[in-house]
Amino acid sequence: MEGSDEQLMLAYRGGQAAAFEALYARHKGALFRFVVRSVRERALAEELYQDIWMRVIEARERYQPQARFTTWLYTIAHNRLVDHWRRHDLHAVSLDDEEARLEEPRGNPGHEPQRQAEAREGLARLAQAVAALPPAQREAFLLREEAGLSVAEIAAATGANEEAAKSRLRYALAKLRETLDDRA
Amino acid sequence: MTEPERDAEISRRYRALDREEPPRALDEAIISAAHGAVETHPAPLVAPTARRRWYVPLAAVAVIVLSVVVTLQMQREQSDGEFMPLPPPSPPASPKEAAPAAPPAARDASVPRRAPGTMKAKERPMAPEPKPAGSAVPQQPAAPVPQAPLEKPFPAADESARPAAAAVGRPAPMPEERGASRQSIEADRPGRMAADALQKRAEQAESPERWLDRIVALRREGRHKEADEAYAEFKRRYPEYRIPDAMRKHVLPR
């Protein structure tokens, strides 16, 4: 089914379930990675991810295309994550799980073990660096990279002002550069 | 121009990370839920606004308030009819003292200001009413009774005289209406005693002018005995009342 995100969401609001399928296909990967890299626990991430989409389904009647659908979707995601953190008083996550997960053997081993090892090492460093960011900076970075939101849209999705969103992004990028340069 | 909030190298490296996707079972569960939502509860084509959301509760509150107001109004009117003040039991010593009897008449005068059809049966006993013994409702007078002298001693009674005059001018259906009115009173009252008490109260509340009008009407119909009795009762009730000269010959016993 073709059309912009907003058109698809309006079509779904009007009762066309196929529009939701198209919308879901477009956003499922980025949203899932955003959630997984925010909470760092796969089972929990799946639960939160499902909750976010359930909220989208429930909120379809109130949807108004005043902003991009992506901004609306990630606003819901942000609110769900904030709920989770407040409920469990979790504002920081450990790096151990990410390292362990990244070091798990993949199902499809490459033919070039040396090169694959280097690539995996580089990816692991970046993943560690992203995971080591403060939650607000990590969220801003993930919204930029996964959702493709602008600074203004990040501010809207997270309930911050634009200056704060811009500052979080700058700090996040500075720390990632520093980490990668140190280990290069 | 490089944007300070963007870093192409970091973006490139980040995109090289594992592109995780949700499990297929999760996809199916979410899509199934989305289908179920539109099949069981299709969203309205127009999103509900705040006004539409409040429409039903607001209408319910309006109906309840209206019901309460109407009920209270009915109760108030009913209690007004049941607890009208009685006139003083003993006749006043002088016409000046007779003046306090005017307020019930004034109240009576206020009743016809409503639309005539809206007057309740319970309020009618306060209006001048003939004795139940005879068809005492006077017919259209052959000669107009002079009213001017009456206006000075009892200006408040003038208002009450108007509906009486109007009643006098009404043709035959009047007694039937009164009969219907009385039936409604009896229907409202559980016993005959209550109706009689109302009748007596109405007679006691009759103003001197109406009383005299009634006597004149009785004489005009040739019912002199009843007129004499009414005159005697009038003199007993209002011994100091000065009957206007123009009316005297129509009122005095023959």
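On a predicted model such as this, the values are computed, not experimentally measured, just so you know. Every chain is numbered from 1, with letters handed out A, B, ... down the list of sequences.
- Judged by distance alone, the side chains of E145(A) and S11(B) do bring a donor and an acceptor atom under 3.5 Å apart.
- Inter-residue side-chain proximity for I10(B) and F141(A) is flagged as met; some heavy-atom pair is nearer than 4.5 Å.
- With hydrogens and angles ignored, the 3.5 Å screen pairs a side-chain donor or acceptor of R138(A) with a backbone N or O of A131(A).
- Look at K175(A) and E178(A) and you find no salt bridge, because none of the NZ, NE, NH1 or NH2 atoms lies under 4.0 Å from a carboxylate O.
- Two residues are said to be in side-chain contact when any heavy atoms from C-beta on lie closer than 4.5 Å; L26(B) and W53(A) fail this criterion.
- For a heavy-atom cut-off of 4.5 Å, chain B lies close to F20(A), E21(A), Y24(A), K28(A), G29(A) in residues 20-30 of chain A.
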Please step through ring pair (Phe, Tyr, Trp, His ring centres under 6.0 Å) for the pair Y63(A) and Y12(A), ending with a clear verdict.
-> CA-CA 10 Å; Y63(A) 174 74; Y12(A) 176 58; over 10 Å; no
